[in-house]
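Within every chain, numbering begins at 1; the chains are lettered A, B, ... in the order of the sequence lines, protein sequences first and strands thereafter.
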Amino acid sequence: MKFNQRTHTCGELREDNIDQHIVLNGWVDTRRDLGGVIFIDLRDRYGITQVVFEPSYNQDAHEIGKELRGEFVVSIEGKVRRRPEGTENLELPTGLVDIMVDKIVILNKALTPPFQIKDNLDVNEDIRLKYRYLDLRRTDMQNNMVLRHKMYQSVRKYFDENSFVEIETPVLMKSTPEGARDFLVPSRIHKGRFYALPQSPQQYKQLLMVSGFDRYFQVVKCFRDEDLRADRQPEFTQIDVEMSFVDTEDIYSMMEGLMKKLFKEIKGYDLQTPIPRLTFDDAMEKYGSDKPDLRFGLEMVTLNDVFKETEFKVFKDTLDNEGVITGFVASGCGDYTRNQLDVLTDYTKKLGAGGLIWMRVKEDGLEAPIAKFLSETEKEQLVASMNAKPGDLLLIVSGPKLKTLSITGSLRLEMAKRMEIIDKNSEPKLLWVTDFPLLEWDDETRRYYAMHHPFTSPHIEDVELLGTDPGKVRARAYDLVLDGNEIAGGSIRIHDSKLQALMFKSLGISKEEADHKFGFLMNAFKYGAPPHGGIAFGFDRLAMLFAGKDSIREVIAFPKTSSGMSLMDESPSTVDDAQLKELHIKIR
RNA sequence: GGGGUCGUAGUUCAGUUGGUUAGAACGUCGGCCUGUCACGCCGAAGGUCGCGAGUUCGAGUCUCGUCGGCCCCGCCA
């Protein structure tokens with residue numbers, strides 16, 4: 001099939017091109033056959049151009065034009081003409097002109113697609129995923145992919161300008177069963193042995209610091225075999241960063257530079273720096289979350305002091321057990337019905353709270369089921385310390401500290417949604433959350449786990465607490481939060497093998513175990529490891545937020561469903577017995 | 001592992017208390033139409049009601065199981 005290659009794209013032609021003889025290649029977007037004249041909207045990823053078949057202009061072309069259907073791939077040759085007065089389409093950038101066709105070649109016919117290739121598509125996601133190649137033909141999705149591409153370029157340019165080196169690290173590596181579940185890859189050559197896919201290139205990038213690379217970054221695929229969410233896929237992309245001879249402040253300012261550049265180049269927005277900071281403890285107390293959404297208020301208030309003398313049993317028990325009484329004011333929600341409040345109570349209980357205490361603020365006091373258990377002083381202090389006004393609703397939860405703060409934080413988000421006070425067009429709210437706890441107690445296994453990872457450096461002044469009160473040790477770890485989403489996390493690492501040994505001891509990891517799991521890293525540190533630290537961005541999440549979407553699947557070309565399936569190629573799939581045999585694997 | 005929700009034409013949905021031949025819109029196909037751009041008008045085709053049992057004279061509708069989508073909890077160093 002002979003055809004001429006395009007001289008222009010479908011988004012390109014303007015008044016300047018009038019009377020030129022041009023060639024366009026593309027897909028038939030829509031066809032409007034008026035009996036005599038036929039209009040075709042020809043589409044490629046650059047735009048749409050109207051193509052005209054008129055019998056009096058070219059009989060042969062018009063005959064072929066009649067056969068055209070949606071999504072046919074065609075090459076057309078013709079003359080650019082100014083559209084007749086009154087028929088311009090100002091919605092289209094190319095709308096002042098159209099093409100009078102001299103020659104058309106149908107390069108390929110197409111089946112009727114299972115859904116229309118158009119924006120603001122109303123079709124279920126499983127159909128889109130099964131025919132992802134058609135979904136990606138839509139302008140919406142093409143824009144998302146291009147946005148993502150532009151973000152890669154800005155990121156790479158920024159790090160290159162700042163003397164970072166991009167280095168690829170292995171995708172087949174050693175399994176480290178701390179943290180997320182690994183994807184395993186059986187070795188054919190070494191019977192009974194497995195590679196793991198990296199959860200992150202953490203150890204490699206630290207080794208690169210030992211090697212003297214000083215400033216490293218990588219746009220890198222990572223893999224975690226955990227359950228999915230709207231913002232979590234089993235394979236995802238990180239912007240992985242590590243720097244030598246730095247402290248937290250150096251990381252903050254370098255990353256703030258990156259965010260400034262990204263916001264400027266992608267969104268045309270001037271991000272003000274420095275980005276505000278909040279310690280983990282403060283974030284939990286005020287927002288009940290380590291990734292607070294600051295686009296709205298509903299700040300939580302700790303009420304322990306108000307109820308320190310209370311006779312109300314629920315609160316008294318909480319205080320006796322070093323728990324927390326916390327709550328917030330839902331302003332103007334004093335008219336919530338009993339039914340609505342029951343739904344909220346149910347929501348809170350499902351998250352694990354004992355219950356939800358609500359009070360309507362009236363002109364003459366508090367209206368609540370528990371009001372009779374509270375003294376007048378308590379009621380007055382409660383209203384004063386929460387700064388509540390008549391017409392407001394108070395929502396209060398009590399119980400074990402961290403859990404209760406977190407549940408109330410979820411309720412805060414839920415209320416913001418119900419009250420519709422999250423402005424999607426508001427200025428982006430960025431925030432560093434700092435001073436995470438180094439260790440986290442696990443009731444099930446009755447041991448501490450590293451909240452971040454076992455190479456995270458504690459605050460120097462907290463080191464001695466490692467032996468006495470490990471839960472109190474603060475880490476030199478930080479997350480970057482954008483509008484309630486964790487978009488990056490990192491830490492200053494331990495570069496001193498004695499401190500690392502102490503850390504392993506606190507985690508209950510024996511010397512032998514540490515050697516077995518991380519020996520190569522510990523060995524490397526004996527040969528002159530510089531102080532270093534780094535951070536990793538969840539690139540898909542960042543792209544999702546920049547694109548204004550609610551799911552990272554919208555910015556990933558070929559994502560998995562929430563059960564980890566690919567509906568298009570139907571993976572994961574079974575394999576031949578012969579393949580399994582080669583890998584020395586039997587299915588139980 | 002658990003909770004919620006959904007599954008009916010190619011697509012998005014409606015479908016009453018369990019009751020005649022399961023509807024609409026868009027799309028598709030055919031006819032008419034020379035300035036449309038969501039073209040218009042006329043007509044037609046198109047259904048394993050996700051799948052499998054059960055209850056019933058009778059199931060899209062009720063029950064149980066199962067598969068799949070989405071959201072959430074757990075999980076995600």
Side-chain angles (χ1 to χ4, degrees), chain A residues 29-42 48-57 62 65 69-71 81 83-92 94-95 98 100 111-131 134 176-182 199-200 202-203 222-234 236 346-347 349-352 406-407 410 413-414 436 438-440 442 444 448-456 475 477 486 489 491 503 507 509 517-518 536 538 550-551 553 560-565 567 570:
Chain A
D29 193 65
T30 53
R31 123 193 106 101
R32 293 177 293 279
D33 184 345
L34 274 65
V37 66
I38 300 170
F39 298 100
I40 297 292
D41 284 346
L42 194 66
I48 281 179
T49 301
Q50 177 165 279
V51 171
V52 188
F53 300 88
E54 241 176 51
S56 61
Y57 182 81
H62 183 260
R69 293 294 181 271
E71 302 312 313
R81 193 193 56 169
R83 293 197 189 190
E85 188 115 10
T87 66
E88 303 90 348
N89 183 350
L90 300 179
E91 306 281 307
L92 284 180
T94 61
D98 53 22
M100 300 300 287
L111 295 177
T112 303
F115 51 82
Q116 289 170 263
I117 311 299
K118 61 172 190 181
D119 287 347
N120 304 315
L121 185 69
D122 191 13
V123 64
N124 288 325
E125 199 175 350
D126 46 343
I127 305 284
R128 291 175 55 203
L129 289 176
K130 185 168 178 190
Y131 301 93
L134 296 179
T176 49
E178 296 273 311
R181 213 171 277 126
D182 283 327
Q199 301 170 24
S200 94
Q202 183 60 37
Q203 290 161 55
C222 299
F223 306 86
R224 290 174 194 177
D225 189 6
E226 298 292 347
D227 286 359
L228 292 82
R229 288 285 189 281
D231 62 353
R232 266 164 37 190
Q233 286 269 308
F236 59 100
D346 199 42
Y347 174 87
K349 279 184 173 170
K350 272 185 183 155
L351 293 174
S406 153
I407 289 167
S410 300
L413 278 175
E414 176 66 21
F436 278 79
L438 185 71
L439 305 168
E440 219 174 2
D442 181 58
E444 247 175 62
Y448 280 104
Y449 280 89
M451 194 160 178
H452 195 51
H453 55 61
F455 319 114
T456 301
E486 179 195 331
S491 66
M503 179 71 178
L507 291 169
I509 299 176
K517 285 178 181 167
F518 313 111
D550 293 322
S551 157
R553 294 187 298 273
K560 309 274 189 288
T561 68
S562 69
S563 71
M565 295 241 298
L567 295 181
E570 295 183 318

Donor-acceptor pair under 3.5 Å, A/Arg229 side chain vs B/rG74 base: yes
N or O in side chain of A/Arg69 less than 4.0 angstrom from B/rC29 OP1/OP2: yes
Identity of whatever pairs with B/rU12 - Watson-Crick or G-U, under 3.5 angstrom: B/rA24
Any A/Ser562 side-chain N or O less than 4.0 Å from OP1/OP2 of B/rC70: yes
Separation of A/Ser200 OG from A/His453 NE2 (nearest 0.5 Å): 7.0 Å
Given B/rG27, B/rU12, B/rG35, the nucleotide with the shortest approach to the side chain of A/Val123: B/rU12
5' precedence on RNA chain B between A/Ser56 and A/Gly70 (nearest-nucleotide basis): A/Gly70
Of the listed nucleotides B/rG35, B/rU34, B/rC72, the one nearest the side chain of A/Pro55: B/rU34
Touch class at under 4.0 angstrom, heavy-atom based, for A/Pro114 against every strand present: sugar-phosphate
Salt-bridge contact A/Arg553-A/Glu125 (side-chain N to carboxylate O under 4.0 Å): yes
Sugar-phosphate, base or nothing in reach of A/Glu85, heavy atoms under 4.0 Å: nothing
Pair of N/O donor and acceptor under 3.5 Å linking B/rU36 base with A/Arg31 side chain: no
Rounded distance (Å) that lies between atom P of B/rU12 and atom NZ of A/Lys118: 12 Å
Sugar-phosphate only, base, or nothing, as touched by A/Asp227 at under 4.0 Å among non-hydrogen atoms: base
Phosphate-side-chain proximity, A/Arg232 and B/rC72, N/O vs OP1/OP2 below 4.0 Å: no
Closest to the A/Lys350 side chain, choosing from B/rG3, B/rC37, B/rC75: B/rG3
A/Glu226, nearest nucleotide to its side chain (from B/rG69, B/rC76, B/rC37): B/rC76
For B/rG68, the Watson-Crick or wobble counterpart (both distances under 3.5 Å): B/rC6
Quiz item: A/Asp126 side-chain donor-acceptor pair to B/rG7 base, under 3.5 Å: no
Residues, nucleotides or ligands: over 12 heavy atoms within 6.0 Å of A/Tyr347 OH: yes
Sugar-phosphate, base or nothing in reach of A/Ile127, heavy atoms under 4.0 Å: sugar-phosphate
Side-chain N,O (A/Asn124) to OP1/OP2 (B/rU11) below 4.0 Å: no
Touch class at under 4.0 angstrom, heavy-atom based, for A/Thr87 against every strand present: base
Crowding at CZ, A/Arg81 (>12 non-hydrogen neighbours, <6.0 Å): yes
Sugar-phosphate only, base, or nothing, as touched by A/Glu125 at under 4.0 Å among non-hydrogen atoms: sugar-phosphate
No-H, no-angle donor-acceptor pair, A/Asn89 side chain to B/rC37 base, under 3.5 Å: yes
A/Asp41 with A/Arg31: basic N within carboxylate O range, under 4.0 Å: no
side-chain hydrogen bond (donor to acceptor under 3.5 Å, both in side chains) evaluation trace for A/Gln50 with A/Asn89: CA-CA 10 Å; A/Gln50 177 165 279; A/Asn89 183 350; over 6 Å; no
Interatomic distance at C1', B/rA24 relative to B/rU17, whole Å: 24 Å
Atom-to-atom span, CZ of A/Arg181 to C1' of B/rG1 - whole angstrom: 10 Å
Touch class at under 4.0 angstrom, heavy-atom based, for A/Gln116 against every strand present: sugar-phosphate
A/Phe39 ring over B/rU36 six-membered base ring, under 5.5 Å and 30°: yes
Any A/Arg32 side-chain nitrogen or oxygen under 4.0 Å from OP1 or OP2 of B/rC39: yes
Short N-O contact, A/Asp346 and A/Lys350, less than 4.0 angstrom: yes
Side-chain N,O (A/Thr561) to OP1/OP2 (B/rG69) below 4.0 Å: yes
Residue-phosphate contact under 4.0 Å: A/Ser563 side-chain N/O, B/rG69 OP1/OP2: yes
Closest-nucleotide 5' rank along RNA chain B - winner of A/Phe115 and A/Gly86: A/Phe115
Touch class at under 4.0 angstrom, heavy-atom based, for A/Asp225 against every strand present: nothing
Touch class at under 4.0 angstrom, heavy-atom based, for A/Arg553 against every strand present: sugar-phosphate
Nearest to side-chain heavy atoms of A/Ala230, which nucleotide of B/rG68, B/rG35, B/rC71: B/rC71
Sugar-phosphate only, base, or nothing, as touched by A/Glu91 at under 4.0 Å among non-hydrogen atoms: nothing
